[in-house]
Asker: 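Structure provided below as structure tokens; questions to follow.
Any value given below was found using the heavy atoms of this structure, including those in side chains, with hydrogens, waters and symmetry copies removed. Since the model is a prediction, treat every value here as computed from it, not as a measurement.
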There are 2 protein chains.
Amino acid sequence: MKKPSERLSKNNETGDCQVRDALLIIGGKWKNMIMHALTIQPYLRFNQLKVNIPDISQKMLTQQLRELERDGLVNRKAYAEIPPRVEYSVTKLGLTLTPVYQVINQWQLLHMSEVIKSREDFDDSKS
Amino acid sequence: MKKPSERLSKNNETGDCQVRDALLIIGGKWKNMIMHALTIQPYLRFNQLKVNIPDISQKMLTQQLRELERDGLVNRKAYAEIPPRVEYSVTKLGLTLTPVYQVINQWQLLHMSEVIKSREDFDDSKS
DNA sequence: CGGCATCCAACTAGATACTG
DNA sequence: CAGTATCTAGTTGGATGCCG
């Protein structure tokens, strides 16, 4: 039996920093909303996405789309037209995220009320 | 048939901002590692946690534990001793996160190599 | 239309010092 | 031992203006 400090001192070899890696790819404030919009409606132009995602700025939408494209989750197709047209779609790899987001979504549906209640109790106990 | 702008303009009513809510609770750089450590080893003292989680600062560990406690995911038990002893454990609600983290972990295991490859291709194509 | 570049405010997180 | 407090560097994100 190893000591705890030996057993877990290199967590990225125990298979749990992988969660962190994954969250860097799929997490953040906007990515799930972009992926969701593109999953429901497979082809969307830049401004259609912008309308679908409340409160996102142009800069953030561009930036997040670029990251998703770089990671192979989203496809970007630019048409050489005037005015320019760019269509975004989910890739095959991007589709593999659907069940992941579903599980997260499901957890929230089932347990958010408990979290809220716990927060209230906690804050009350501190005042 | 509603227009896209009507159908999705209020995403937090369509059930997808819930993912964002959940990620605020379970995401971040440290929370999954804290939860993982406490799930593997059900009772850990502050400094044991600190040893188990590489590179976390005392400040971050305190702060994240406080948030997890407030959200009802982690239990904090302080013993009135000298020197002080504080034991942390996962609550019942916290345990419901295990499958969520597992799905995220599994996605990383299955698809991270594709993401890496996509990044290399993308970066190459830009140089 | 779909960006990119720049500036700036706000938040985050690390280092350090101190405490019951 | 298990924190709290403070300071500061770095990062994030919004606003604005310009461009092919």
Asker: Between P on C:dA15 and CD1 on B:I56, what's the gap in Å once rounded to a whole number?
Answerer: 12 Å

Asker: Going hydrophobic residue to hydrophobic residue with side-chain gaps under 4.5 angstrom, can you get from A:I116 over to B:V19?
Answerer: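 Yes, it is one cluster - the side chains of A:I116 and B:V19 are joined through contacts under 4.5 Å.
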
Asker: Can you measure A:K50 atom NZ to C:dC1 atom P for me and round it to whole angstrom units?
Answerer: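 In whole Å, C:dC1 P and A:K50 NZ are 12 Å from each other.
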
Asker: Does A:D55 CG have over 12 foreign heavy atoms under 6.0 Å away?
Answerer: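 Not more than 12 within 6.0 Å, no.
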
Asker: Among C:dG20, C:dC1, D:dA2, find the nucleotide with the atom closest to the side chain of B:P84.
Answerer: C:dG20

Asker: C:dG2 C1' sits how many Å from A:L61 CG, rounded?
Answerer: 10 Å

Asker: Where the side chain of A:R85 meets the backbone of A:Y79, is there a donor-acceptor pair that is under 3.5 Å apart?
Answerer: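 Looks like no, no N/O pair under 3.5 Å.
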
Asker: In whole Å, what is the span from the CZ atom of A:F46 to the C1' atom of C:dC1?
Answerer: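 Interatomic distance, CZ of A:F46 to C1' of C:dC1: 9 Å.
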
Asker: Separation of B:E81 atom CD from D:dA2 atom C1', in whole Å?
Answerer: 13 Å

Asker: Can you list, by residue number, the residues of residues 62-75 of chain B that have a non-hydrogen atom closer than 4.0 angstrom to DNA chain D?
Answerer: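 B:T62, B:R66, in order of number.
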
Asker: Should A:Y88 be listed as having a side-chain N or O under 4.0 Å from OP1 or OP2 of C:dC1?
Answerer: no

Asker: Does atom CD1 (A:I82) have a neighbourhood of more than 12 heavy atoms from anything else shown, all under 6.0 Å?
Answerer: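 Open: at most 12 neighbouring heavy atoms sit under 6.0 Å from CD1 of A:I82.
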
Asker: Hey, quick one: are A:M112 and B:L23 part of the same hydrophobic cluster, counting side-chain heavy atoms closer than 4.5 Å, chains of contacts allowed?
Answerer: yes

Asker: Is the phosphate of D:dT11, meaning OP1 or OP2, less than 4.0 Å from a side-chain N or O of B:K29?
Answerer: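 B:K29 to D:dT11 OP1/OP2: no side-chain N or O under 4.0 Å.
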
Asker: Roughly, in whole Å, what's the span from CD1 in B:I82 to P in C:dT19?
Answerer: 17 Å

Asker: Is a donor-acceptor contact shorter than 3.5 angstrom present between the side chain of B:Q58 and the base of D:dC1?
Answerer: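 No, no donor-acceptor pair under 3.5 Å.
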
Asker: B:M60 CE to C:dA13 P: how many Å, rounded?
Answerer: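 Those two atoms, CE and P, are 4 Å apart.
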
Asker: Would you mind telling me which of D:dG14, D:dG3, C:dG2 lies closest to the side-chain atoms of A:W30?
Answerer: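 Per side-chain heavy atoms of A:W30, the pick is D:dG14.
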
Asker: Just to confirm, is there a sub-4.0 Å distance from OP1 or OP2 of D:dC1 to any side-chain nitrogen or oxygen of B:R45?
Answerer: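 No, B:R45 has no side-chain N/O under 4.0 Å of OP1/OP2 on D:dC1.
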
Asker: Please figure out whether A:K59 or A:E87 has its closest DNA chain C nucleotide nearer the 5' end.
Answerer: A:E87

Asker: Testing A:R76, A:R45, A:E69, A:K77 for side-chain hydrogen bond (donor to acceptor under 3.5 Å, both in side chains) with A:Y88, which one passes?
Answerer: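 Exactly one candidate clears the test, A:R76.
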
Asker: Report the nucleotide, chosen from C:dG2, C:dC1, C:dG14, that has the shortest atom-to-atom distance to any side-chain atom of A:P83.
Answerer: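 Among the listed nucleotides, the one closest to the side chain of A:P83 is C:dC1.
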
Asker: Consider the side chain of A:R76, meaning its heavy atoms from C-beta on, and name the nucleotide among C:dA15, C:dG2, D:dG3 that approaches it most closely.
Answerer: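 Among the listed nucleotides, the one closest to the side chain of A:R76 is C:dG2.
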
Asker: For B:K117, give me all partners under side-chain hydrogen bond (donor to acceptor under 3.5 Å, both in side chains), at least two apart in sequence or on another chain.
Answerer: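 Partners of B:K117 by the side-chain hydrogen bond (donor to acceptor under 3.5 Å, both in side chains) criterion, ordered by chain and then number, come out as B:D121.
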
Asker: Is B:S57 close enough to C:dA13 that one of its side-chain N or O atoms is under 4.0 Å from OP1 or OP2 there?
Answerer: no

